[in-house]
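Written below as structure tokens is the structure these notes are about.
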Amino acid sequence: MSHLNLGIIGNCQIGSLIDPKGAMVWTCLPRFDADPTFCRLLRSDQNPEVPGYYEIELEDFESAHQRYIENTPVLETELRDSRGNAVVITDFAPRYEHLGRMFKPIMLVRGLRPLRGQPRIRVRLRPSYNYGASACEVTHGSNHIRYLAPHLNLRLTTDASLTYVLEEKFFLLDRDLHLILGPDESIPEGVAESYRHHLNETEYYWRSWVRGLAIPFEWQSAVIRAAISLKLCTFEDTGAVVAAMTTSIPEAAHSGRNWDYRYCWLRDSYFVVQALNRLGATKTMEAYIRYIINVSTDARGGPLQPVYSVTGRAVLNETEVVSLDGYRGMGPVRVGNQAYEQVQNDVYGAVILAATRYFFDQRLLRTGLDALFQRLEHLGERAAALYKEPDAGLWEYRGRQRVHTFSSIMCWAGCDHLTRIAAHMKRPDRAIYWGRKAAVIHRHISKEAWDSGQQS
């Protein structure tokens, strides 16, 4: 990969990054932090014989154009050849309400439509495992192909010729074709019927979700696209929010600062759900509050980490992967993130701030407020004890610590918000208690974080 101009599809369980020519170059199954099924994004060697990608190749390719179907994460890629022929690839991951639940399967759906002339294409589906080190074993039936890996078996169900797919041969696309890649389970209905149903229901879900957002007239297109992208980074099963779907994209070229961001940073996630909540996406806020309550409860009164897995797992041991050389060859590729061991004192305030809305926002279904307040008070005690202690800060310095103003301010904000929550719950004794704690921290910050020599 020579750039990061990538499209994104997903369903809040899985996500896939798609390059401008319609190749899936990064996809982790069955969830964001899993072994990548497609990993070409982190290979400098684009040899088609090396596994880890899923592409639709147009013979005599000349140019491509991409767009999202309005108000959805359904991506269309138009490929044109040098003779004027063209094909449209439609990509999405199904997401919609079904039988009173949200249907969000581990499934990637592709539609192929001849747009002009007589385009000739070939399908190259080469899933991998063990971070691209191994190709899946391939078997097939009468209308499906199975891709077998130790941790996950996938099935491609299609109305395209299995021979052409298996042999990766170019063929004439003279009709619409459909490819559904998902769990190794049979599809009861026809593949074309299943494709149309998934597409129609998924488009309807996302358009309904966007319709419920509170967005001003200015910059609507950009805000809607940003909101959808943020929503796609939520792991709905637990309420976690991943910082990114990828690992090891360098912060700067050849810097070596290549971190795995497929985890939930409590601080950063707070800002994401706050942004979505301001747009009216309250369910995301509710789910995230449940996530942080579970995480803080599992800590059992001990230190709160800055980052956890999407399942709330605390240990994220960091290792380097030798099978991938990194984006544009700029390794290393890392899995896990040692930041879970860091001291970041601002996290206590971030969690309290996130949970505060649960007490005040009347749109939320609020239960167990007393128990939640008691849990938050435990975090407040930690903030009151640590506000002037050295930490790694939000910059996550590795190997050194110092007192950071931001961390101190977030500790103050946590205690200040506990004051407001206590007053709202008509607990004047606790409001006075936390008000005093907040005042002590405020005085300290006002004294120590102000440099009178910088006055103009």
Side-chain angles (χ1 to χ4, degrees), residues 31-34 233-235 237-248 251 257-274 285 287-319 334-356 358 372 374-404 406-415 417-418:
R31 65 184 194 219
F32 299 130
D33 59 350
C233 289
T234 62
F235 185 67
D237 187 60
T238 63
V241 181
V242 294
M245 292 189 180
T246 53
T247 178
S248 305
E251 292 182 7
R257 297 194 300 273
N258 305 359
W259 314 120
D260 191 348
Y261 284 113
R262 298 172 298 162
Y263 306 113
C264 183
W265 270 258
L266 302 186
R267 174 205 316 113
D268 300 354
S269 299
Y270 160 68
F271 292 113
V272 170
V273 296
Q274 183 185 48
M285 173 66 79
Y288 179 64
I289 290 173
R290 287 194 297 271
Y291 174 81
I292 61 175
I293 290 172
N294 283 317
V295 164
S296 60
T297 300
D298 289 343
R300 301 184 184 278
L304 201 59
Q305 296 177 189
V307 57
Y308 293 85
S309 79
V310 295
T311 65
R313 178 169 50 88
V315 178
L316 305 174
N317 289 326
E318 186 177 295
T319 58
R334 293 187 172 96
V335 176
N337 200 303
Q338 219 64 31
Y340 85 90
E341 293 183 331
Q342 291 183 351
V343 176
Q344 295 182 29
N345 295 330
D346 65 286
V347 70
Y348 300 99
V351 170
I352 294 170
L353 264 62
T356 296
Y358 198 66
L372 176 57
Q374 290 177 14
R375 293 192 183 99
L376 295 182
E377 286 198 298
H378 289 304
L379 300 182
E381 295 291 356
R382 299 284 299 180
L386 298 171
Y387 71 91
K388 56 181 178 180
E389 295 298 317
D391 70 352
L394 76 165
W395 295 274
E396 298 187 352
Y397 293 125
R398 295 195 173 199
R400 64 187 175 100
Q401 293 186 347
R402 54 164 289 185
V403 178
H404 290 93
F406 178 81
S407 296
S408 299
I409 289 175
M410 288 298 288
C411 289
W412 165 80
C415 294
H417 277 61
L418 286 172

Side chains of [X] and [Y]: do they bring a donor and an acceptor to under 3.5 Å?
X	Y	answer
Gln338	Glu341	yes
Asn337	Tyr340	no
Glu318	Trp259	no

Heavy-atom donor-acceptor pair, [X] side chain to [Y] backbone, under 3.5 Å:
X	Y	value
Ser407	Gly393	no
Gln305	Ala314	yes
Tyr263	Gly336	yes
Thr247	Arg334	yes
Arg313	Val315	yes
Thr238	Thr311	no
Asp346	Met410	no
Ser296	Ile293	yes
Arg267	Gln344	no
Tyr288	Leu266	yes

When you compare the side chain of [Y] with that of [X], does any pair of heavy atoms fall below 4.5 Å?
X	Y	result
Arg31	Asp33	yes
Val343	Pro303	no
Thr246	Arg262	no
Ser248	Asp260	no

What's the spacing between [X] [atom1] and [Y] [atom2] if we round to 0.5 Å?
X	Y	atom1	atom2	value
Ile292	Tyr358	CD1	OH	11.0 Å
Lys388	Cys411	NZ	SG	12.0 Å
Phe32	Ser309	CZ	OG	13.0 Å
Arg382	Glu389	CZ	CD	10.5 Å
Leu418	Thr356	CG	OG1	7.0 Å
Tyr387	Trp412	OH	CH2	14.5 Å

I need the minimum non-hydrogen distance between [X] and [Y], along with the two atoms involved.
X	Y	value
Leu304	Leu379	CD2-CD2, 4.1 Å
Gly380	Cys415	O-SG, 4.0 Å
Tyr348	Leu386	CE1-CD1, 3.7 Å
Ala243	Trp265	CB-CE3, 3.8 Å
Ala392	Gln401	N-CG, 4.2 Å
Val242	Val310	CG1-CG1, 3.4 Å

Side-chain ion pair, Asp298 and Arg300, N-O less than 4.0 Å: no
Audit row: Ser408, Val403, side chain to side chain contact (heavy atoms under 4.5 Å, CB included) steps and yes/no: CA-CA 8 Å; Ser408 299; Val403 178; 4.1 Å; yes
